[in-house]
Structure formats: structure tokens, C-alpha cells
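A short worksheet on the structure shown next.
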Amino acid sequence: MLIVDKERCTGCGVCEANCAFGAIEVVDGIAVVGDACTLCGACVESCEFDALTIEGAEKSVQMDLESWSGIWVYCEFRGGNLATVALELLGVGRTLADARGVKLVAVLIGSETGDSAEKLIGHGADIVYRADDPALHYFTDEAYGAILTELIRKKKPEVVLAGATAIGRSFFPGVANALGAGLTADCTQLAIRAGDGALLQTRPAFGGNIMATIECPGSRPQMSTVRPNVMKQLEFDPSRSGEIIDIDLAPAMLKSKVRVLESVVSDSDDVNIQESDILVGGGRGLDTEKGFTLIRELARSLDGSVSASRAVVDAGWIGYPHQVGQTGKTVAPKLYIACGISGAIQHVAGMQSSETIVAINRDENAPIFNVADFGIVGDLFEVLPKLISKIEEHRKS
Ligand SMILES: Cc1cc2nc3c(=O)[nH]c(=O)nc-3n(C[C@H](O)[C@H](O)[C@H](O)COP(=O)(O)OP(=O)(O)OC[C@H]3O[C@@H](n4cnc5c(N)ncnc54)[C@H](O)[C@@H]3O)c2cc1C
């Protein structure tokens, strides 16, 4: 609860101006806290009269931050393979570890992991902690969470990263909660501050309208999930050497209330737009669901896949697995063709790393042109058929 010390409050209004939630109002010369308060603490920091305190916050235990050391990456292994995001995280993890002068550690959990541990070393890890057991064949929050939590408690790393995938998003918050650590979800950029080793975790905030950099100054480990396709993986270096440590798995750690009877890949999940080199994206400019016929045709002529903006997913014109953006997937294909997509910040957040962006829009002021390498101002129903026939002609010649 946010407490206002009436003796100290001067009614200056600085707290009111600093509250992003409109939760403080100065009434009759005193700050009054409303229901919208999220206890973010921005007003407490802004008050030069020390008139504001968050009840309970002062009771937090001081941690010995120096005793936490090392950069860790949870390396997701599913369907018999390492997830690409695991290698991307080792790329950024290497930079962070070198900046801190500490080891980069990969945590590998699964069954029949084969030479994955060696691969992780080739991609930048110094040490791999491996939990390989038939009981870990299917992911469960409880078993995977228990193993990672126990390891972190024993080894005390300063930073732990995971991919913002269905699995990372599912069990990482539970691990953070068990450790009493903070967790910044869906980061798009990570850096480390020299000196105090604060992890600077940048992610979109307030509906994607600003990029916020978040720190956890007083506690360890610092935990983040990072979106796939945002960080760059390092080239595999077969000459790298490292240590592989098999974890002793106590039977209690492998227990789960969940029993997986069967794993079925649904048809709609079969679309993996994150792995396609060419994406043709459709937006509300398609007018109706039928507009996707043209998008599919263009994608087929280029051997690409179909992606979409959230507006058309929400409209039910295409399934969620196709959605690109802040609340969809992050993609980085060689070619992204945006058709009838305005270029809202939340969409651009998911596709701006594409190598070449082509935008087709009838509004020359559409923001998508700000990120496009090539822009075509025109009606997509005229432009796309011409484009498709030119590509077909070119392919036949
Ligand atoms: C918290 C939050 C998260 C969000 N997450 C996402 C996300 O993950 N992904 C996402 O995409 N959006 C997301 N959004 C929604 C986003 O803000 C936009 O509303 C959405 O991207 C708009 O989709 P659009 O570009 O298809 O539609 P519009 O913005 O309506 O744009 C349609 C465009 O088509 C053009 N057009 C119309 N007719 C034609 C034609 N015949 N030929 C050529 N051009 C034509 C128009 O000029 C216009 O630029 C999110 C929003 C919020 C608040």
C-alpha cells in the first residue's frame, strides 16, 4: 500500500505528474492515492520530501549480490532438437558473460539429448548442466521447474535467460516466483552495466508505444525471457571446448502431477512462420477473408509462407499462428512483403529485423513505409496480380 506522510507532503504535484497510471491527485494540498495505483514506486522516487512510502517495501532483505556470479541460459530442447532461440540466447549470453568476465552456462533438460551439449559449447557455452532422463521426455512445468530452481539455488548465477516460447513462458515465472526473483518477460534487447552488473532488460511497454528498460537492482538472479528471432546466434565453432556436467536427478525432482498421454501437433500449429525465408503478410487492407487468396498465391509463387497482422487474426480471417508482432511471433525472414498493413508499432516490433521489407499500401503516409526498403503506393488488388504474373513469367523463362 502507498502511504502519504501528510506532515511531509507539500502538495507540489510532482508525484501526480510522474504517475503513469493517473493514480495520484493532489487534493487540498495533499497527495491522494487512488485505486489505479500499481505500487510501481515511480512517485516514491520522484518525491524530494520523502513523503511517500510503499508499506512493506522497506522490510525487504538486503542480498549479498556479489555472491551471485555467471550468465545462464535455459536451452530449450523439444522434439529431439535444440530450439533455435537457445542458440540465439547463447549469442547474447556470450556478450554479457564477456562483459562481466564470468562463465556462460547452458542448462539442458530433456531426454535423449544426444550431442546437444557439445553443440551448445560450439555455440558459445563454457559449461553445460545436463539433465537427461526418460522422465523428462515431455515438458512439464513441475519437473523442469524443480530442476532449474534447485540448480539456481545451489550455483547462484547472476543472470538467467530463457526463450519467450510457449515452454519458457509456462515454467520460467514459476521458477522466478520460487526464488523470489524478478522476471522481465518478452525482452527485445539486453545489456549489462559495468560496475554493478545490472542487467538492462528492454521490452515494449504501454501497448508497445514506448520501449522500457527494466532493472532488478536489489535482487538476484536477474531473470528475463527473450523473444525468438531477436538476438543473433554465433557461428558454430567446433574448436571451442567446455565442460559438460550431468546433474544428479533426485526422484522427487522428476515427479509431476501431469501425465502426458499423447502429444499431437495441430494442423494450425504446423505453420512455422518463424522458420520461413520469405513471408507475405496480409492486413486489414485485404478487405475480407477472401483477400488472403491473393496473399497465398503470391506466397506460393515465391515458395514462401503467409503471415498476418493482428487486426485480421482478430477478425477471424486467418489463424493466430500466422500473427506477426508484439502479441504474435517475431520473424526475421530474408524477405517480408507487407500487403495492406499500416505498420502499427506493435506489428513492426515483430518484423523489423527482416532483411528486406517490401510494403504495398494505397496510403503513401502509412507508417509501414518508414521501415520498408521498397515501397509500392497502390491498390493491392491491382498490384498483387501484376506482381504474381511477373514472378510466374520470370520463373518460366
Ligand atoms: C497491446 C497491443 C498489442 C498488439 N499486438 C499486435 C501484434 O502482435 N501484431 C499486430 O499486427 N498488431 C498488433 N496490435 C494491433 C495494432 O496496433 C494495429 O491495430 C494492427 O497492427 C493493425 O493491423 P493492420 O495494419 O492490418 O490494419 P490497419 O491499421 O487498419 O491498416 C490497414 C492498411 O491497409 C491499407 N489499405 C486499405 N486498403 C488497401 C488496398 N486496397 N490496397 C493497399 N492498401 C490498402 C490502409 O491504407 C492501411 O494502412 C496490438 C495492439 C495492442 C494495443
Side-chain angles (χ1 to χ4, degrees), residues 20-21 38 85 163-166 169 184-188 202-212 214 225-230 268-269 271-274 276 279-299 305-333 336-354 357-372 374-389:
F21 304 95
T38 63
V85 69
T165 60
R169 284 174 171 162
T184 307
D186 275 1
C187 293
T188 53
T202 304
R203 55 151 296 153
F206 294 108
N209 291 311
I210 60 162
M211 297 303 280
I214 294 161
T225 59
V226 179
R227 295 191 135 218
N229 275 321
V230 173
S268 58
D269 281 351
V271 199
N272 196 349
I273 57 170
Q274 288 175 307
S276 191
L279 285 178
V280 184
R284 198 150 31 198
L286 294 176
D287 261 352
T288 62
E289 189 177 348
K290 281 193 191 140
F292 267 104
T293 313
L294 273 176
I295 300 291
R296 288 199 183 92
E297 221 178 302
L298 178 58
S305 304
V306 172
S307 63
S309 72
R310 174 165 158 179
V312 294
V313 170
D314 286 351
W317 299 355
I318 193 163
Y320 174 71
H322 296 268
Q323 185 182 318
V324 166
Q326 190 188 320
T327 43
K329 288 180 178 150
T330 308
V331 296
Y336 188 92
I337 308 181
C339 310
I341 293 178
S342 58
I345 187 161
Q346 297 90 354
H347 185 82
V348 170
M351 46 68 81
Q352 62 195 346
S353 305
S354 307
I357 299 172
V358 178
I360 304 167
N361 198 302
R362 69 179 174 196
D363 174 7
E364 64 179 1
N365 295 314
I368 192 74
F369 290 126
N370 298 335
V371 290
F374 300 97
I376 302 174
V377 179
D379 188 324
L380 65 90
F381 295 102
E382 288 168 19
V383 176
L384 288 185
K386 284 183 192 159
L387 202 56
I388 294 164
S389 81

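For ligands, and for the atoms within them, numbers begin at 1 and follow the listed sequence.
In this structure, Gly378 has a heavy atom closer than 4.0 Å to ligand 1.
Between Val324 and ligand 1, a contact under 3.5 Å exists for at least one N or O pair. Looking at Gly340 next to ligand 1, an N or O pair under 3.5 Å apart turns up. Looking at Leu380 next to ligand 1, an N or O pair under 3.5 Å apart turns up. For ligand 1, the polar-atom distance check against Val312 finds no nitrogen or oxygen pair separated by under 3.5 Å.
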Given side chain to side chain contact (heavy atoms under 4.5 Å, CB included), test Val230 with Val85 step by step and report yes or no. CA-CA 9 Å; Val230 173; Val85 69; over 6 Å; no
Determine, stepwise, if the pair Asn229 / Ser353 fulfils side chain to side chain contact (heavy atoms under 4.5 Å, CB included). CA-CA 8 Å; Asn229 275 321; Ser353 305; over 6 Å; no
Side chain to side chain contact (heavy atoms under 4.5 Å, CB included) evaluation trace for Leu294 with Ile388: CA-CA 9 Å; Leu294 273 176; Ile388 294 164; 4.0 Å; yes
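Listed by number with element, the atoms of ligand 1 under 4.0 Å from a non-hydrogen atom of Thr327 are 3 (C), 4 (C), 5 (N), 6 (C), 7 (C), 8 (O). Near Asn361, meaning under 4.0 Å from one of its heavy atoms, ligand 1 places the atoms 33 (C), 34 (O), 35 (C), 43 (C), 44 (N), 46 (C), 47 (O), 48 (C), 49 (O). Counting atoms of ligand 1 from 1 in the listed order, those under 4.0 Å from a heavy atom of Gly283 are 26 (O). Numbered from 1 in the order shown, with element, the atoms of ligand 1 that lie under 4.0 Å from a heavy atom of Ser309 read 11 (O), 23 (O), 24 (P), 26 (O). For ligand 1, the atoms closer than 4.0 angstrom to any heavy atom of Gln326 are 7 (C), 8 (O). Near Phe381, with a cut-off below 4.0 Å to any heavy atom, the atoms of ligand 1 are 41 (N). The contact set between ligand 1 and Asp363, taken as ligand atoms under 4.0 Å from a residue heavy atom, comprises 47 (O). Ligand-side atoms of ligand 1 in range of Gly328: 8 (O), range being under 4.0 angstrom from any heavy atom.
Residues passing the salt bridge (charged side-chain N to carboxylate O under 4.0 Å, His left out) test with Asp287: none are found, sequence neighbours excluded. Listed by chain and number, the residues in a side chain to side chain donor-acceptor pair (under 3.5 Å) with Arg284 amount to none (sequence neighbours excluded).
The heavy atom nearest to atom 15 (C) of ligand 1, considering only Arg284, Arg310, Arg362, is found in Arg310. Closest to atom 51 (C) of ligand 1 by heavy atom, among His347, Gln346, Gln323, is Gln346.
Remark: the backbone N or O of Ile341 is paired with a side-chain donor or acceptor of Asn361 at under 3.5 angstrom. Counting only distance, with no hydrogens or angles, the side chain of Thr225 and the backbone of Asp186 share a donor-acceptor pair below 3.5 Å. Not one N or O on the side chain of Glu289 forms a donor-acceptor pair closer than 3.5 Å with the backbone of Ile318. His322 contributes a side-chain N or O that, together with a main-chain N or O of Val306, makes up a donor-acceptor pair within less than 3.5 Å.
For the residue pair Thr184/Arg203, the side-chain donor-acceptor check at 3.5 Å is not satisfied.
For Ser342, heavy-atom contacts with ligand 1 shorter than 4.0 Å involve the backbone as well as the side chain.
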